[in-house]
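All ligand and atom numbering here is 1-based and tracks the order in the structure. Residue numbers start at 1 and run along the sequence shown.
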Amino acid sequence: MPRRRKRDFLIRGFSKLLKEDKLKIVSELMDNQVEAMELMKSFWLSDKSKQKVFDEFSENTLSNFYIPYGVAPNVVVNGRTYHVPVVIEESSVVAAASSSSRFWSERGGFKARVIGVEKIGQVHFLWNGKKSKLVKVLDSLKLYLREAAMDISKNMEERGGGITDFELLDFTKKMDNYYQLKVSFNTVDSMGANFINSCLEEFASALKEFFKTHEIFSDNERECEIIMSILSNYTPNNIVKAWVECDYNDLNGIFNEMTGEQFARKFQMAVKIAETDIYRATTHNKGVFNGVDAVAIATGNDFRAIEAAGHAYATKDGSYKSLTKVFLTENKFRYELTMPMSLGTVGGLTSLHPLAKHSLEMLGNPKAKELMMIVASVGLASNFAAIRSLVTKGIQIGHMKMHLFNILNHVEATKDEKEKAIEHFVTHRVSHGAVKKFIQTLREN
Ligand code: MEV
């Protein structure tokens with residue numbers, strides 16, 4: 001009889017416990033506590049100092065959760081070849097990005113360009129006073145704010161970045177007394193979240209001080225209430241563009257008898273559908289993020305920030321649309337991806353995570369702008385591969401072939417059983433049930 005587990009208990013002071021004790025408590029949720037603890041521990045690194053590094057990336061760490069670290073080879077960007085590290089659990093993504101990258105490497109490769117590097121931070125505050133006064137002292141307020149953050153911004157300025165602009169936005173028509181200080185930053189090779197947030201908190205204190213001390217304000221205008229100070233993940237001027245182009249003739253033979261031009265026109269329709277319909281657009285863009293996130297994770301970047309910005313950007317024309325566009329001229333196919341991309345090659349996990357460091361080395365230690373172009377190219381590669389399959393042979397042939405390996409591992413197939421299954425499923429439809437039955441039959445005979 002399995003032990004009855006007590007699940008609904010509160011744990012006080014959990015973060016202060018030793019790792020072993022945390023593990024013991026959490027393992028009580030499992031059917032077999034001893035086995036569960038052993039399993040968790042089996043994923044600890046044997047090198048204690050390395051494990052400590054991983055433990056300290058986060059809080060309440062119990063173990064390490066492994067996801068495959070692979071490579072998408074032959075990604076040619078602006079004439080340079082990269083073998084790109086990718087961390088992802090969806091095997092078909094790596095296969096697709098690799099095959100698409102090889103395909104384009106024979107047709108001039110990916111071209112890419114960084115269009116802007118502006119990051120945004122906001123101080124949201126309430127103030128009840130005469131706006132005309134604020135406008136009048138705006139220039140001195142900007143100077144005052146710059147000075148207040150000087151200690152923090154000095155280093156960034158030495159690296160070629162810093163605070164680039166201030167804007168004061170009046171939202172009082174939408175919410176009583178609500179103003180916003182919108183600040184632009186250039187964080188050069190770092191993602192810059194800490195830098196931006198530290199500057200913003202400094203601006204917030206300085207703003208309070210400014211209202212208190214500037215002679216233009218009357219006594220009833222001296223108070224301002226800071227609601228919050230935080231960077232914005234929406235960065236519509238931190239943009240990268242990647243594209244591929246070739247003659248229709250170079251697309252001949254992509255699938256059976258289809259001509260290059262027929263393929264290009266069908267491909268264009270698929271992308272137009274993603275420009276028209278949100279259900280399709282979301283999946284279409286997911287295909288872009290399959291590649292983008294995998295490189296972002298491998299290089300220690302914040303893929304949630306990239307996703308958030310990308311999806312918001314996809315709505316910039318009023319409705320959620322594909323991040324890619326096709327252009328067909330008389331005999332040319334051109335396919336582009338334009339998206340925001342906040343990432344860094346210094347600071348944060350990029351230098352702390354030993355594998356992230358290794359990934360950047362694999363790419364030749366690029367600067368942030370170069371990495372933006374590589375990541376966008378892999379995003380375009382994986383999306384192109386998905387649409388190419390969808391408008392030709394369909395997606396499931398490739399997916400299920402990869403999935404077959406997962407199912408075979410799941411049923412603990414031997415090497416011999418695997419070989420027989422692979423041969424059999426060349427001509428048979430893969431499903432969990434069919435593979436299980438096939439292996440069972442093999443074992444019974
Ligand atoms: C699967 O991870 C991604 C796709 O669904 C993308 C697409 O439909 O374009 C294949």
The residue among K111, K241, K325 that forms salt bridge (Lys or Arg N to Asp or Glu O under 4.0 Å) with E336 is K241

Tell me the protein heavy atom at minimum distance from [atom], and give that distance in Å.
{"atom": "atom 3 (C) of ligand 1", "value": "N290 ND2, 3.5 Å"}
{"atom": "atom 5 (O) of ligand 1", "value": "T283 CG2, 3.5 Å"}
{"atom": "atom 7 (C) of ligand 1", "value": "R280 NH2, 3.4 Å"}

Numbered atoms and elements of ligand 1 in range of [X], under 4.0 angstrom, heavy atoms:
{"X": "L390", "result": "7 (C), 8 (O), 9 (O)"}
{"X": "K286", "result": "1 (C), 2 (O)"}
{"X": "I387", "result": "9 (O)"}
{"X": "E90", "result": "1 (C), 2 (O)"}

* Within a strict 4.5 Å, meaning less than it, do heavy atoms of the S190 and M156 side chains meet? -> yes

Would you call Q33 and K24 a side-chain contact if the rule is heavy atoms closer than 4.5 Å?
yes

With a 6.0 Å cut-off on ring centres, are H124 and F171 close enough? no

Report task. Would you confirm whether N252, through its side chain, and N249, through its main-chain N or O, come within 3.5 Å as a donor-acceptor pair? Result -> yes

The residue among F327, Y248, Y335, F255 that forms ring-ring contact (aromatic ring centres under 6.0 Å, His included) with F267 is Y335

